[in-house]
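The shown structure was predicted, so the numbers you read here are calculated from the model rather than taken from an experiment. Below, chain A is the first sequence line, B the second, and so on; all start at residue 1.
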Amino acid sequence: MPPQVKRLALLFAIFIGLFLVARYFLVPKSFGEHGHYRGLSLVENQDQEPKYAGQKVCNDCHDDLMAVKAANDHKTISCETCHGPGLIHANNPDSLPLKPAGREFCAKCHSLNAARKAENIVQVNPEEHNTGQNCTECHNPHDPWEKMR
Amino acid sequence: MGKDEVKSRRRFLSNAAMLAGGIFVSVSNNSIGALLYATERKDTKGPWYGMGIDLEQCIGCGHCANTCKSENGVSREPFYFRTWVEQYTILNDGSVKITSPNGGIDGFSQQVPDEDIFKSFFVPKMCNHCEKSPCVQVCPVGATYDSPEGVVLVDDSYCIGCRYCVQACPYGCRYIDPVKKVADKCTLCYHRIMKGQLPACVEVCPKGAKIFGDLNDPGSDLVRFKKEHAWQVLKPHMNTDSKVYYNGLRAEVR
């Protein structure tokens, strides 16, 4: 073997060795466990804390309101759709969830819009329908027709 | 023509045929497909999640977009959404108007007078959790991947923020998180579904317009939804094998 090839081969061996050492320290431990990614990342993604409890949880303490809602027009709406994230409140009732207020809140679902089908959602024009008052003065949000029966 | 010349041409032709045959065989082989698409549906026994969206039911209330931001701590600025709602308005002259004020969170108001409207409807958008995700294929470091359940996730501690995936997504579902400076996107609420809860946007939809489920479970809501409706996916020509199935999707939707 000519000497310059020997020297080159040595150089190559050193480079490859350095590469392997660097790779050992740079590639995270769990990389490649399941595929071309860090396996631990799956666990990290799972560990994120939820903020919404799910409607079944509200039923534990608010079964009265739950029953009212379930028997009326808003039955398909989850408590947390209107009241926002409720897990903190469910674990500690002293920290209260949102209490929606104002006409815009109801209008997000009920305002007239050509894209809303009449059979899907009953609509009113908030600029005409009993202006100047909060919707909840006449409509109970958990039983919209309660006060008019 | 000399004999040698004929021989060398014959040799060339047979070599070329062998090479072409070899390439053909290896391309039709699955393992090359796996390299091309970077992902493969591995385990058909475990869950394989997807989402159905019923445009016939959506009332455009925007609670899905709002809830998603609360659940996942997404920046409240109006350019960052993991899921959002678009209002399509097709005018009588055939032109299409698309609006999405703050992703639908603040509610929609129809700007076009009724007599000019041919058809108007809402389209909630989100990550399509593609089986052949372009975003996964372009990631240079393996910081975005398909989970064993078919959910496309981001490894935020490994992402280098190069934005290739943001460019690659045909649906515009990725953004760079303004705080962490890494790619971010819908996780199908991985932290919830792995605990048996529904994704937050599904939980709060007042019309049941979003249907979450396991495509491998013949009894799941999603499989029933797919059976009962003539569903379509967005941009099928992109060959991404999207797992978000729309009922009532019109050709105007992009």
Side-chain angles (χ1 to χ4, degrees), chain A residues 26-28 30-57 73-87 98 100 104-123 126-127, chain B residues 38-40 42 56-63 66-67 70-73 87-89 104-110 112 114 117 119-122 136 139 141-149 151 153-158 187 189-192 194-195 197-198 200 203-209:
Chain A
L26 289 178
V27 175
S30 64
F31 204 93
E33 242 170 45
H34 307 286
H36 189 66
Y37 58 94
R38 233 165 33 92
L40 259 182
S41 165
L42 281 174
V43 183
E44 289 165 12
N45 269 304
Q46 261 183 65
D47 282 349
Q48 190 188 327
E49 274 302 312
K51 302 211 170 64
Y52 284 78
Q55 184 156 246
K56 279 190 232 83
V57 175
D73 293 283
H74 281 161
K75 55 178 166 290
T76 56
I77 315 176
S78 165
C79 309
E80 287 171 303
T81 306
C82 297
H83 289 291
L87 191 61
L98 289 174
E104 308 78 40
F105 168 73
C106 307
K108 270 183 207 169
C109 291
H110 284 291
S111 71
L112 264 180
N113 190 318
R116 298 196 170 113
K117 289 190 195 147
E119 67 262 32
N120 273 346
I121 178 85
V122 182
Q123 295 154 58
E127 265 104 70
Chain B
T39 63
E40 219 183 341
K42 296 162 206 93
E56 304 284 343
Q57 290 294 326
C58 179
I59 57 169
C61 67
H63 277 100
N66 189 25
T67 298
S70 303
E71 173 71 25
N72 295 298
Q87 176 167 27
Y88 275 69
T89 305
I105 290 177
D106 301 335
F108 287 95
S109 60
Q110 184 56 267
V112 184
D114 274 358
I117 298 177
K119 177 86 189 166
S120 184
F121 52 90
F122 297 106
V136 171
C139 181
V141 297
T144 184
Y145 55 92
D146 263 287
S147 87
E149 300 84 18
V151 181
L153 295 175
V154 175
D155 180 348
D156 60 1
S157 65
Y158 209 50
T187 62
C189 279
Y190 195 67
H191 60 295
R192 295 176 65 86
M194 297 307 281
K195 297 182 185 95
Q197 291 169 307
L198 289 172
E203 171 72 32
V204 301
C205 180
K207 293 297 294 180

query = For V154(B), is it the side chain, the backbone, both or neither that has a heavy atom under 4.5 Å from a heavy atom of chain A?
reply = backbone
ask   = Using non-hydrogen atoms only, which part of I59(B) is less than 4.5 Å away from chain A: side chain, backbone, both, or neither?
value = both
inquiry  = Counting only non-hydrogen atoms closer than 4.5 Å, does T76(A) touch chain B with its backbone (N, CA, C, O), its side chain (CB onward), both, or neither?
reply    = both
ask   = Considering only heavy atoms, which portion of A107(A) lies under 4.5 Å from any heavy atom of chain B: side chain, backbone, both, or neither?
value = neither
Region of V112(B) that comes under 4.5 Å of a non-hydrogen atom in chain A = neither
Region of C189(B) in contact with chain A, defined by heavy-atom distances below 4.5 Å = neither
note = chain A shares the most heavy-atom pairs under 4.5 Å, among I117(B), D114(B), T67(B), with T67(B)
ask   = Below 6.0 angstrom between ring centroids: does that apply to F31(A) and H36(A)?
value = yes
Heavy-atom pairs under 4.5 Å with chain A, option from E203(B), M194(B), Q110(B) with the top count = E203(B)
task = Just grab all the salt bridge (Lys or Arg N to Asp or Glu O under 4.0 Å) pairs involving residues 35-49 of chain A, residues at least two apart or on different chains.
result = R38(A)-E44(A), R38(A)-D155(B)
ask   = Ring centroid separation for Y88(B) and F122(B), is it under 6.0 angstrom?
value = no
task = Specify which of E71(B), R192(B), H63(B), Q57(B) makes the most heavy-atom pairs with chain A at under 4.5 Å.
result = E71(B)
inquiry  = For D106(B), give me all partners under side-chain hydrogen bond (donor to acceptor under 3.5 Å, both in side chains), at least two apart in sequence or on another chain.
reply    = N102(B)
